[in-house]
Novice: 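What follows is a single structure, and I will ask about it in a moment.
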2 protein chains.
Amino acid sequence: MSHTIYDIARKAGVSIATVSRVFNESSKVSAATRKKVLHIANKVGYQPQGYARGLASRQSNVIIAVVPLLSNYFFLQVLNGIQGVISETDFELHIYNVKPEENPLKQLKRLLGRRWADGYLFVSVHLDEDDWAEVARLNQRMVLIDDAYSGCDYFQINNKKGARKATKFFLDRGFEHIGMITAAKRSIPAGKRCKGFLEIQREYGLTPDDSLVVRGSTAYRDGFNERNGYEAMHQLLALDSPPEAVVCVSDIQAIGALSAMKEQGIRIPIIGYDDIQLSEYIGLSTMRQPMYKMGREGARLLLDSLSERPSELVQENYTPELILRSTTNGIEQ
Amino acid sequence: MSHTIYDIARKAGVSIATVSRVFNESSKVSAATRKKVLHIANKVGYQPQGYARGLASRQSNVIIAVVPLLSNYFFLQVLNGIQGVISETDFELHIYNVKPEENPLKQLKRLLGRRWADGYLFVSVHLDEDDWAEVARLNQRMVLIDDAYSGCDYFQINNKKGARKATKFFLDRGFEHIGMITAAKRSIPAGKRCKGFLEIQREYGLTPDDSLVVRGSTAYRDGFNERNGYEAMHQLLALDSPPEAVVCVSDIQAIGALSAMKEQGIRIPIIGYDDIQLSEYIGLSTMRQPMYKMGREGARLLLDSLSERPSELVQENYTPELILRSTTNGIEQ
DNA sequence: TTGATATCTGTAAGCGCTTTCATTATTATC
DNA sequence: GATAATAATGAAAGCGCTTACAGATATCAA
């Protein structure tokens with residue numbers, strides 16, 4: 001059914017080497033020959049087969065972005081940044097999901113071992129140093145976004161600092177009884193944000209109350225979902241002494257929390273986390289993370305390191321920025 | 001650096017055919033040999049190379065989901081459905097973005113021509129019959145989700161009917177001056193929804209007012225974005241006679257519209273479109289589309305047709321369901 | 001024991017390309 | 001016009017696997 005390089009060569013009266021050269025933009029083919037080959041190829045709809053090409057040339061021109069369970073708004077932003085950069089090149093972007101049910105290290109090793117791609121971008125994939133080291137040993141070009149490993153390029157955001165900033169905003173305005181809506185225990189970023197939340201309170205001489213740190217029961221997306229925020233907020237409001245303000249580990253949960261408050265006709269200042277695009281329209285105060293930017297820079301770095309000899313490691317740390325909107329209005333400055 | 005099947009065969013003292021058999025779960029290898037080979041492979045971290053495998057076996061065990069610009073909440077839901085099904089199998093899901101700047105037909109032909117995947121799921125990729133026919137001629141297994149082509153399996157949602165339903169809700173309650181927030185002109189689904197909106201009004205003996213059909217100026221995501229809804233709503237409110245109710249081609253735009261109303265302290269009943277997860281928490285009335293379901297069914301169908309001989313074509317049409325929430329509250333029943 | 005059958009393993013021929021190297025055709029240089 | 005340099009092409013050897021096919025070994029009934 002489908003044609004091979006041999007068919008094209010035969011029909012064009014040239015050797016397969018020449019056909020190959022035409023498709024590889026090698027300059028070493030005369031304009032006349034190129035035209036002839038291209039004409040025939042177009043007519044029969046020939047295109048070099050990806051697998052054969054990959055095998056013979058040992059490169060694929062594909063970049064794989066590895067993300068955990070798609071459907072997180074955070075990834076979307078990052079992916080958009082990546083996409084923007086990649087689409088300006090000849091590379092192709094494929095997106096690969098690591099499944100939450102299976103050991104991630106195992107999945108990564110399986111993926112990289114297969115050698116589909118010329119380079120990999122890991123977005124929000126969280127492993128510890130040892131595990132990353134094991135992945136790095138597979139010797140593929142990679143850069144991490146939203147995680148760090150000392151032996152590799154990365155772009156990271158400081159989760160602890162972000163949560164500290166949000167909490168500090170309330171502390172500086174005299175609040176001493178602050179709630180936190182966090183996510184699943186296994187979530188590393190949620191853990192760090194929680195830590196920052198507690199840490200700064202202690203620095204202010206307060207003893208954080210455990211009952212004010214809550215998480216909903218839903219495991220979907222590691223607890224980063226609306227329902228979770230909704231449940232958690234109800235839980236907080238049911239407390240003997242409900243919080244005077246709330247810090248949340250994601251915007252999406254904050255939206256659920258807002259809905260819970262509305263239901264009970266209560267309004268407590270709240271700060272989310274991420275600054276997803278919606279938040280502006282909801283009026284949600286939040287910690288902005290440079291998602292798009294990290295995507296762009298990560299992709300750019302990866303692409304560069306594919307062509308040039310990589311020089312030294314690029315390891316950047318960002319701190320989220322506090323964006324104030326209406327959910328924190330009316331608090332005395 | 002990396003090992004080939006020859007290295008493993010040599011170290012295990014067997015032929016490469018045997019190593020290959022071990023990795024292909026062929027039963028024709030004794031338990032002892034299998035164990036020996038696996039042990040060595042694990043020790044050195046060997047894994048068959050994807051390209052060589054694909055070339056030799058003419059199959060890849062990858063499914064590619066093709067979506068337009070990622071970052072649309074609609075796709076996310078569909079992808080989740082797809083992902084759920086695929087992850088129960090040995091197949092791998094890759095996601096491929098068609099770029100809005102380039103001719104989609106060309107991109108699809110390029111993608112399929114390369115023959116990366118065993119099967120393709122097209123999600124919300126809109127081509128006309130002739131173009132689909134041209135894609136189909138590439139002879140790859142494919143199923144369409146959220147578009148239709150007579151020569152191929154598909155799962156489609158009737159956009160016109162959806163918009164008719166939403167509009168009818170208002171018409172039946174005596175509204176005669178209804179606004180529509182639509183998206184970019186080039187968007188096919190938005191066009192159909194718009195058509196349904198106008199059509200039913202005429203059936204009710206009304207003459208729809210052109211000035212009540214608006215779109216924001218932002219081209220991002222074909223106009224399916226918050227800003228667009230926000231701008232459009234302001235435009236509607238600035239009219240000499242603003243609408244008494246609004247139908248919107250997406251939830252995300254409705255959220256922008258809500259924000260615009262809030263700014264002006266006005267509250268007009270509004271119905272969105274999609275029923276993204278958020279909408280429940282925002283209290284947005286909307287047209288629910290079976291996104292997750294279509295993803296699941298589409299993936300299942302594709303997978304089935306890869307193993308069994310495909311019987312007859314599966315072509316399903318869904319109609320969105322009207323979900324009433326607080327943005328349509330207070331309307332006399 | 002013997003042939004028939006079933007089970008396991010190896011040999012070797014591809015899969016459809018890229019790429020080195022050698023060869024031939026063309027052009028430039030004096 | 002002879003020689004050197006350059007440009008365009010082809011022959012052929014892989015790339016790292018899969019998979020007929022054939023061969024070897026083990027198992028079993030008679």
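Chain letters run A, B, ... following the sequence lines, proteins first, then strands; residues in each count from 1.
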Novice: side-chain contact (heavy atoms from CB on, under 4.5 Å), that's the test. Do B:Tyr120 and B:Ile63 meet it? Break it down for me.
Specialist: CA-CA 6 Å; B:Tyr120 299 81; B:Ile63 297 292; over 6 Å; no

Novice: Salt-bridge test for A:Arg110 and A:Glu102: reply yes if a basic N is under 4.0 Å from a carboxylate O, no otherwise.
Specialist: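 Yes, A:Arg110 and A:Glu102 are salt-bridged.
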
Novice: Would you kindly compare A:Ala56 and B:Arg58 by the position of their nearest DNA chain C nucleotide and give the one closer to the 5′ end?
Specialist: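 Its nucleotide being nearer the 5' end, the pick is B:Arg58.
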
Novice: Is there a donor-acceptor contact under 3.5 Å linking the side chains of B:Ser187 and B:Asp222?
Specialist: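 No, B:Asp222 and B:Ser187 have no side-chain donor paired with an acceptor closer than 3.5 Å.
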
Novice: Can a side chain N or O of B:Asn24 be found less than 4.0 Å away from OP1 or OP2 on D:dT19?
Specialist: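 The answer is no; no side-chain N or O of B:Asn24 sits under 4.0 Å from OP1 or OP2.
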
Novice: Classify the side chain of A:Arg21 and the base of D:dG10 as holding, or not holding, a donor-acceptor pair under 3.5 Å.
Specialist: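 Per atom types, the contact qualifies.
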
Novice: Heavy atoms from C-beta onward define the side chain here; which of D:dT18, C:dT18, C:dT9 lies closest to that of A:Arg53?
Specialist: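 The closest nucleotide is C:dT18.
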
Novice: Would you say a side-chain N or O of B:Ser15 is under 4.0 Å from OP1 or OP2 of C:dT9?
Specialist: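 No.
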
Novice: Between D:dT9, C:dC15, C:dA12, which nucleotide has the shortest distance from any of its atoms to the side chain of B:Leu55?
Specialist: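 Taking heavy atoms from C-beta onward, the closest nucleotide is C:dC15.
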
Novice: When the nearest nucleotide of DNA chain C is assigned to B:Val29 and to A:Tyr6 on a heavy-atom basis, which residue is associated with the more 5' position?
Specialist: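 This one resolves to B:Val29.
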
Novice: Let's test your reading of the model: under 3.5 Å, does the base of D:dC17 pair with the side chain of A:Tyr51 as donor and acceptor?
Specialist: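 Checked by distance alone, the answer is no.
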
Novice: For C:dT9, does OP1 or OP2 lie under 4.0 Å from any side-chain N or O of B:Ser30?
Specialist: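 For C:dT9, OP1 or OP2 has a side-chain N or O of B:Ser30 closer than 4.0 Å.
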
